[in-house]
Amino acid sequence: MIVLGIESTCDETGVSIVQDGKIILSNVLASSADIHAKYGGVFPELACRRHIETIIPLIDEALKQANTTPEEIDLIAVAKGPGLIGALLIGMNVAKGLSIAWNKPLIGINHVEAHLYASMMDAEEVPLPALGIVISGGHTLLLKVNALGEYETLATTVDDAIGEAFDKVASLLDLPYPGGPQIEKLALKGNPKTVSLSAGKVKRSPLDFSFSGLKTAVLYAKKSPEGYLREDLAASFQQTALGDVVKKSLIASQKFDCKALIFGGGVSANQKLREMTQKAFPKMPIFWPRPFLAVDNAVMIAALGCKKFKGISDSLELEPQTRMNLS
Ligand code: KG4
Ligand code: ZN
């Protein structure tokens with residue numbers, strides 16, 4: 001089964017061809033992060049323009065690199081949401097167009113579920129139930145994973161997503177977008193104990209996340225008379241934000257018979273997070289995405305499409321959804 005996957009939920013246009021849900025024949029990506037760098041975050045209209053310019057050339061490139069013809073494609077999988085509406089519409093309409101032109105079935109895939117699946121696609125077996133942890137620029141979610149397609153939301157963020165907080169703090173520290181990898185790099189030179197910070201508490205639902213206060217605290221610390229070093233601010237912020245994820249994951253995992261952790265999303269590429277998690281869960285099997293599959297990509301869309309396809313195409317009436325719940 002050869003699947004062509006399309007990803008265009010946010011600022012990355014991705015096209016990938018995956019065989020039998022595992023073998024990556026090609027994986028091409030165009031990012032508009034360079035445009036957003038000026039603004040410190042994603043500028044939706046500009047992201048859409050870049051999707052329009054790049055998507056067809058990327059499809060050609062993906063076919064070429066995979067040495068595959070359209071006739072050999074068995075299925076077209078597209079991220080149907082959640083994401084930016086304009087961005088989603090571009091991927092969706094191109095996928096529908098290809099489905100008609102090539103006479104191939106179509107399947108819409110939930111981008112968040114695909115982030116989790118990126119960690120599972122190579123695994124022989126994932127012990128279940130597991131705790132799913134999706135941490136990206138758009139999402140901060142703890143989920144009980146009962147089975148593929150069967151999720152219960154345990155926690156979410158009440159304000160900023162964790163990746164968004166990394167991006168905003170990076171911008172405060174004059175680091176370019178996307179800020180996560182930049183903060184991680186700068187934090188290596190800093191001392192996380194220098195600045196006293198704490199993650200937000202959500203009284204009515206203590207497992208939920210809140211990062212907007214933490215970001216403001218970094219701003220005040222930066223302006224404070226103590227004159228903290230940027231690397232110390234980066235290290236302290238990173239330790240606090242990641243520590244909050246690890247702590248809440250531990251609490252969430254104790255609420256049920258959790259047999260594994262499954263990570264997904266851009267922030268799960270962070271090495272410090274991997275060390276902290278390993279320490280907090282010494283005996284738990286942990287499924288991490290390969291770093292290039294942690295951030296947005298179309299491999300995860302194609303792979304999950306392959307897994308979910310049951311022989312019947314989604315309708316051409318399929319509409320993208322800006323918001324989608326997994327449970
Ligand atoms: O999964 P992703 O590409 O897009 C969304 O679905 O949102 O995640 C992008 C986010 C950005 O906020 C970026 O700063 C963050 O993931 N990120 C990181 C790292 N790499 C990417 N955050 C912390 N450490 C990293 N190494
Ligand atoms: Zn994503």
Side-chain angles (χ1 to χ4, degrees), residues 5-14 16 27 29-34 36-37 39-42 44 47 51 78-84 87-88 91 109-119 132-141 156-157 160-173 175-188 190 192 209 211 214-215 234-235 237-246 263-277 288-301 304 322-324 326:
I6 297 178
E7 156 63 38
S8 72
T9 57
C10 189
D11 61 337
E12 316 274 348
T13 328
S16 170
N27 174 32
L29 210 56
S31 173
S32 51
D34 56 324
H36 310 302
Y39 305 97
V42 176
H51 284 308
V78 61
K80 66 178 173 188
L84 303 170
L88 288 166
I109 292 296
N110 182 311
H111 174 90
V112 173
E113 185 175 22
H115 267 309
L116 277 182
Y117 192 67
S119 301
I133 302 157
V134 183
I135 39 179
S136 72
H139 310 277
T140 315
L141 278 174
T156 181
T157 173
D160 293 349
I162 182 166
E164 197 181 350
F166 268 87
D167 295 336
K168 288 179 175 169
V169 167
S171 175
L172 290 176
L173 301 179
L175 296 165
Y177 175 85
Q182 303 280 340
I183 297 241
E184 178 172 16
K185 211 165 122 204
L186 184 61
L188 288 173
F209 297 92
F211 291 112
L214 175 58
K215 165 199 70 194
F237 161 75
Q238 175 173 263
Q239 182 80 27
T240 309
L242 298 180
D244 195 42
V245 171
V246 174
F263 277 88
V267 181
S268 68
N270 189 293
Q271 280 307 321
K272 184 80 193 164
L273 172 73
R274 296 188 181 206
E275 285 165 25
M276 290 164 74
T277 309
W288 296 102
R290 285 180 275 169
F292 76 100
L293 295 180
V295 289
D296 286 351
N297 67 86
V299 172
M300 63 185 191
I301 305 295
L304 185 55
T322 55
R323 290 170 162 271
M324 281 177 92
L326 269 184

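First listed ligand is number 1; within each ligand, the first listed atom is number 1.
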Under the side chain to side chain contact (heavy atoms under 4.5 Å, CB included) rule, collect the residues that match up with Lys272, sequence neighbours excluded. Gln238, Gln239, Leu242, Asn270, Glu275, Met276
If you round to the nearest 0.5 Å, how far is CD1 of Ile133 from OG1 of Thr277? 7.0 Å
Would you say His111 touches ligand 1, if touching means a heavy atom closer than 4.0 Å? yes
Any N or O of Gly163 that comes nearer than 3.5 Å to an N or O of ligand 1? yes
Check each of Pro291, Gly266, Gly180 against atom 22 (N) of ligand 1 and report the one with the nearest heavy atom. Gly180
Quick test: of every protein heavy atom, which one is nearest to atom 9 (C) of ligand 1, and how far off is it to 0.1 Å? Gly137 N, 3.7 Å
Quick check against the 3.5 Å criterion: does Thr140 have a side-chain atom that pairs as donor or acceptor with the backbone of Ile162? yes
Geometric N/O contact Gly265 with ligand 1, under 3.5 angstrom: no
Hey, are the side chains of Ile6 and Ile301 touching, using non-hydrogen atoms and a 4.5 Å cut-off? no
Verify the distance criterion only: is there a donor paired with an acceptor across the side chains of Asp11 and Tyr177 at less than 3.5 Å? yes
Do you know the tightest heavy-atom contact between Gly265 and Ser136? CA-CB, 4.0 Å
Do side-chain atoms of Asn297 reach the backbone of Leu293 as a donor and acceptor pair under 3.5 angstrom? yes
Ignoring hydrogens and angles, tell me if any N or O in the side chain of Thr322 forms a donor-acceptor pair with the backbone of Pro82 under 3.5 Å. no
Can you check whether Phe166 and Phe237 have ring centres sitting under 6.0 Å from each other? yes
Looking at Ser268, is its backbone amide N or carbonyl O close enough to the side chain of Arg274 to form a donor-acceptor pair, meaning the two atoms are under 3.5 Å apart? yes
Any N or O of His139 that comes nearer than 3.5 Å to an N or O of ligand 1? no
For atom 26 (N) of ligand 1, the protein heavy atom that lies nearest, with its residue and separation: Glu184 OE1, 2.7 Å
Heavy-atom nearest neighbour in the protein, as seen from atom 24 (N) of ligand 1, with distance rounded to 0.1 Å: Asn270 ND2, 3.0 Å
Any side-chain to backbone donor/acceptor pair from Glu7 onto Val78? Under 3.5 Å, distance only. no
Ala294 heavy atoms, cut-off 4.0 Å: which ligand 1 atoms fall inside? 1 (O)
Report, in ascending order of atom number, the atoms of ligand 1 lying under 4.0 Å from any heavy atom of His115. 1 (O), 6 (O)
Which heavy atom in Ala161 sits nearest to a heavy atom in His139, and how many Å separate them? CB-N, 3.5 Å
If only protein N, O or S atoms under 2.8 Å count, total around the Zn ion (ligand 2): 3
Whether His115 and His111 hold their rings parallel, tilted or perpendicular, with breakpoints at 30° and 60°: perpendicular
Output the list of atoms in ligand 1 that are nearer than 4.0 Å to some heavy atom of Gly179, sorted by atom number. 14 (O)
Return the residue, atom name and 0.1 Å-rounded distance of the protein heavy atom closest to atom 11 (C) of ligand 1. Asp167 OD2, 3.6 Å
What do you reckon, does Gly264 put a non-hydrogen atom under 4.0 Å from ligand 1? no
Residue-level breakdown please: for Ala161 versus ligand 1, do any non-hydrogen atoms fall below 4.0 Å on the side chain, on the backbone, on both, or on neither? neither
Close approach, Lys272 and ligand 1, non-hydrogen under 4.0 angstrom: no
Would you mind checking which non-hydrogen protein atom is closest to atom 3 (O) of ligand 1, with the distance to 0.1 Å? Asp296 N, 2.9 Å
So does Gly179 get a backbone contact from the side chain of Asp167, meaning a donor-acceptor N/O pair under 3.5 Å? yes
